[in-house]
Engineer: 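Structure in structure tokens, see below.
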Amino acid sequence: MMQNWVAIGSLNDIPRRGARCVKNGGMTIAVFRTADDKIYALEDKCPHRNGPLSQGIVHDGCVTCPLHNWVISLETGKAQGADEGEAAMFPVRLDGDTVMLAIGMS
């Protein structure tokens with residue numbers, strides 16, 4: 001599958017230790033920014049009960065779901081600890097200060 005890189009805004013549009021949401025068809029993708037300005041993109045659904053990860057707390061390379069406190073790795077999308085499941089991940093990168101998100105194409 002080819003990837004289409006799309007500019008979704010500036011790094012400064014995303015609060016440190018927060019997220020910004022982007023719509024891709026019927027899916028919502030949460031783009032996260034860590035305290036040290038690393039960026040990650042996951043589907044905005046916790047693997048537990050589809051909680052909005054974008055509203056969670058970003059810490060230590062993870063996000064904690066606001067509904068049931070599941071901790072999801074921003075790097076792998078996988079639930080941490082004894083929890084099982086994972087959120088879909090999307091390639092994301094910086095081009096200067098512009099955040100670029102890869103959307104798959106068939």
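As a basis for the values below, the full set of heavy atoms in this structure was taken, side chains included, without hydrogen atoms, waters or symmetry mates.
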Engineer: Hey, are the side chains of Cys21 and Ile29 touching, using non-hydrogen atoms and a 4.5 Å cut-off?
Structural biologist: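 No, their side chains stay 4.5 Å or more apart.
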
Engineer: Roughly how far, to the nearest 0.5 Å, is OG1 of Thr34 from CD of Glu75?
Structural biologist: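 Between atom CD of Glu75 and atom OG1 of Thr34 there are 11.0 Å.
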
Engineer: Does one hydrophobic cluster hold both Ile103 and Val22, with members joined at side-chain heavy-atom distances below 4.5 Å?
Structural biologist: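 Yes, Ile103 and Val22 fall within the same hydrophobic cluster.
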
Engineer: For Arg93 and Trp5, work out which heavy atoms get closest and say how close.
Structural biologist: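 Shortest heavy-atom contact: CG-CZ3, 3.5 Å.
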
Engineer: Is the backbone N or O of Leu53 less than 3.5 Å from a side-chain atom of Asp44, with the two atoms forming a donor-acceptor pair by type?
Structural biologist: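 Checked: pair present.
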
Engineer: If I take atom CG from residue Leu67 and atom CZ from residue Arg49, how far apart are they, to the nearest 0.5 angstrom?
Structural biologist: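 Between Leu67 CG and Arg49 CZ, I get 9.5 Å after rounding to 0.5 Å.
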
Engineer: Just wondering, do Tyr40 and Arg33 contact through their side chains at under 4.5 Å, heavy atoms?
Structural biologist: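 Arg33 does not reach Tyr40 side chain to side chain.
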
Engineer: Quick check: do Ile8 and Arg20 have side-chain heavy atoms less than 4.5 Å from each other?
Structural biologist: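 Counting from C-beta outward, Ile8 and Arg20 do come under 4.5 Å.
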
Engineer: Which pair of heavy atoms, one from Val92 and one from Ala41, lies closest together, and at what distance?
Structural biologist: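 That would be CG1-N, 3.8 Å.
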
Engineer: Any idea how His48 and Trp70 line up, ring-wise: parallel (<30°), tilted (30 to 60°), or perpendicular (>60°)?
Structural biologist: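 Answer is parallel, since the angle falls under 30°.
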
Engineer: Quick check: do Phe90 and Leu42 have side-chain heavy atoms less than 4.5 Å from each other?
Structural biologist: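 The answer is no, as the side chains (C-beta and beyond) never meet within the 4.5 Å cut-off.
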
Engineer: Determine whether Leu94 and Ile39 make a side-chain contact, defined as any pair of heavy atoms from C-beta on separated by less than 4.5 Å.
Structural biologist: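 In short, these two side chains touch, coming nearer than 4.5 Å.
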
Engineer: Apply the test side chain to side chain donor-acceptor pair (under 3.5 Å) to residues Lys78 and Ser73: give CA-CA distance (whole Å), side-chain angles for both, the deciding distance (0.1 Å), then the verdict.
Structural biologist: CA-CA 5 Å; Lys78 293 183 180 183; Ser73 168; over 6 Å; no

Engineer: Is there side-chain contact between Met89 and Leu74, with heavy atoms separated by less than 4.5 Å?
Structural biologist: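 Met89 vs Leu74: side chains apart.
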
Engineer: Under a 4.5 Å cut-off applied to non-hydrogen side-chain atoms, are Phe32 and Ile14 in contact?
Structural biologist: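 Not touching, per the 4.5 Å side-chain cut-off.
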
Engineer: Answer yes or no: are there more than 12 heavy-atom neighbours, outside Ile57 itself, under 6.0 Å from its atom CD1?
Structural biologist: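 12 or below, so no.
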
Engineer: What do you reckon, is CZ of Arg17 surrounded by more than 12 foreign heavy atoms closer than 6.0 Å?
Structural biologist: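 Not more than 12 within 6.0 Å, no.
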
